[in-house]
There are 2 protein chains.
Amino acid sequence: MGQLIHLSEAVSLAIHCLALVSVSEKSLNASTMARHLGASRNHLAKVLQQLVKHNFLSSTRGPGGGFTMRKAPGEITLYEIYELMEGKPEIEYCMAHGNECPFSGCVYGNIREKLTEEFVAFFRQRKISDIIPAIKPS
Amino acid sequence: MGQLIHLSEAVSLAIHCLALVSVSEKSLNASTMARHLGASRNHLAKVLQQLVKHNFLSSTRGPGGGFTMRKAPGEITLYEIYELMEGKPEIEYCMAHGNECPFSGCVYGNIREKLTEEFVAFFRQRKISDIIPAIKPS
DNA sequence: TGTATTTAGGTATTTGAATGCGCAAATATA
DNA sequence: TATATTTGCGCATTCAAATACCTAAATACA
Ligand code: FES
Ligand code: FES
């Protein structure tokens with residue numbers, strides 16, 4: 001069914017990976033993470049690339065290579081990751097058709113703005129370090 | 001950009017139409033409403049079909065035909081319309097891949113559940129009659 | 001009865017996200 | 001140096017939801 005609160009798989013993958021790399025002693029490669037998360041290796045590789053490009057992770061190629069942290073998990077908020085993968089959350093006009101709407105105030109009131117703000121506040125305050133304790137011992 | 005709070009155009013159209021039909025003295029046809037809303041006539045027709053099938057509207061074909069209310073605007077909550085068009089809002093598992101996740105509690109905490117509940121509460125309490133006053137005089 | 005109007009409903013197209021694929025570049029190690 | 005491993009990156013494919021189109025059925029009215 002429809003997802004009211006839409007968080008793409010890419011965002012989830014990014015967050016999961018950052019936490020996994022944080023707790024790993026040696027560098028972690030894409031295939032291993034994909035296996036652990038039960039996700040597509042290809043999709044995950046794309047996400048990791050982004051995280052490297054924006055300096056959350058370092059990568060090393062070649063045998064024994066993989067990804068390591070470049071920022072401390074306490075320095076990374078979930079919001080940064082969200083915005084990196086999805087862009088700033090916007091409220092679109094109900095029906096993207098401009099200003100044809102015959103209603104003076106939006107029929108939705110300001111509920112979307114309110115919920116978006118709540119979401120952002122939560123994600124800004126929550127850090128990768130906060131979710132690390134939830135990792136199951138493997 | 002990504003819409004965090006996702007409300008399809010179909011939902012917006014349904015709500016707008018119900019309000020417009022409510023204040024109309026005679027029956028309103030799809031083309032007229034599409035023009036007023038600056039929306040696709042075809043898409044709107046689909047939405048109206050649904051509203052007729054579920055007894056919110058009555059329809060009459062032929063010249064001078066169109067749509068009229070079958071329920072009072074004070075009897076219709078926005079939530080009913082949302083659920084009709086989108087289904088019950090569900091929280092999906094982060095990464096629809098089942099139970100492979102190596103985290104014991106979801107990394108998102110319960111923020112999605114919380115926001116969804118807020119949304120539902122708001123939409124349950126708000127009725128078509130509440131938004132009618134916002135219609136601009138045409 | 002004929003014609004114009006309007007809804008009904010099935011099907012096709014579009015779109016965007018997710019996924020897959022192939023090859024180049026880097027690097028460890030034998 | 002040769003080989004296996006692993007990331008980087010562009011492009012192709014798939015898939016589902018949203019949106020558009022097309023024709024049939026109903027009805028008012030001349
Ligand atoms: S578009 Fe938001 S109220 Fe009409
Ligand atoms: S899937 Fe929600 S925490 Fe891993």
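Every chain is numbered from 1 and lettered A, B, ... according to where its sequence line falls, protein lines coming before strand lines.
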Donor-acceptor pair between Glu86(A) and Ser8(A) side chains, under 3.5 angstrom: yes
Any Ser40(B) side-chain N or O less than 4.0 Å from OP1/OP2 of dT19(D): no
Within 6.0 angstrom of Lys114(A) NZ, more than 12 heavy atoms from elsewhere: no
Reported CD-to-CG distance for the pair Glu118(B) and Leu4(A), which is rounded to 0.5 angstrom: 11.0 Å
Interatomic distance where CG belongs to Leu51(A) and P belongs to dT7(D) [whole Å]: 13 Å
Whole angstrom value for the distance that separates P of dT19(D) from CG of Leu7(B): 12 Å
Non-neighbouring partners of Phe67(A) that pass ring pair (Phe, Tyr, Trp, His ring centres under 6.0 Å), sequence neighbours left out: none
Nucleotide dC9(D), atom P - distance to CG of Leu48(A) in whole Å: 13 Å
Sub-4.5 Å side-chain heavy-atom contact between Val52(B) and Ser58(B): no
Degree of bending, the helix from dT1(C)-dA30(D) to dA30(C)-dT1(D) (end axes from five pairs; round to 10°): 10°
Per-nucleotide protein contact string for nucleotides 10-16 of chain C, where B marks a base within reach and S marks sugar-phosphate only (heavy atoms under 4.0 Å, - for neither): B------
Residue pair Pro73(B) / Leu18(B), side-chain heavy-atom distance below 4.5 Å: no
His6(A) NE2 to dA18(C) C1', straight-line distance once rounded to whole Å: 11 Å
Heavy-atom side-chain contact between Met69(A) and Ile76(A) under 4.5 Å: yes
Sub-4.0 Å heavy-atom contacts from residues 63-71 of chain A onto DNA chain C, ordered by number: Pro63(A)
Side-chain donor-acceptor contact under 3.5 Å, Thr77(A) with Tyr82(A): no
Thr116(A) side-chain N/O to Arg112(A) backbone N/O, donor-acceptor pair under 3.5 Å: yes
dA28(D) phosphate, OP1 or OP2, under 4.0 Å from Thr60(B) side-chain N/O: no
Pairs satisfying ring-ring contact (aromatic ring centres under 6.0 Å, His included), at least one member in residues 14-52 of chain A, at least two apart: His16(A)-Phe103(B)
Interatomic spacing from OG in Ser12(B) to CG in Leu7(B) - rounded to 0.5 Å: 6.0 Å
Sub-4.0 Å heavy-atom contacts from residues 10-36 of chain B onto DNA chain C, ordered by number: Asn29(B), Ala30(B)
No-hydrogen, no-angle side-chain donor-acceptor test under 3.5 Å, Ser31(A) and Arg41(A): yes
Interatomic distance, His43(A) NE2 vs dA18(C) C1' [rounded to whole Å]: 5 Å
Centroid separation Tyr108(B) to Phe123(A) less than 6.0 Å: yes
Length of the CD-P vector between Gln3(B) and dA17(D), whole Å: 18 Å
Atom pair distance, as rounded to whole Å: CZ in Arg41(B) and P in dC21(D): 11 Å
Any donor-acceptor N/O pair under 3.5 Å between dA25(D) base and Arg61(B) side chain: yes
From NE2 (His6(B)) to NE2 (His6(A)), nearest 0.5 Å: 8.5 Å
Distance, rounded to the nearest Å, where Glu9(B) contributes CD and dT19(D) contributes P: 5 Å
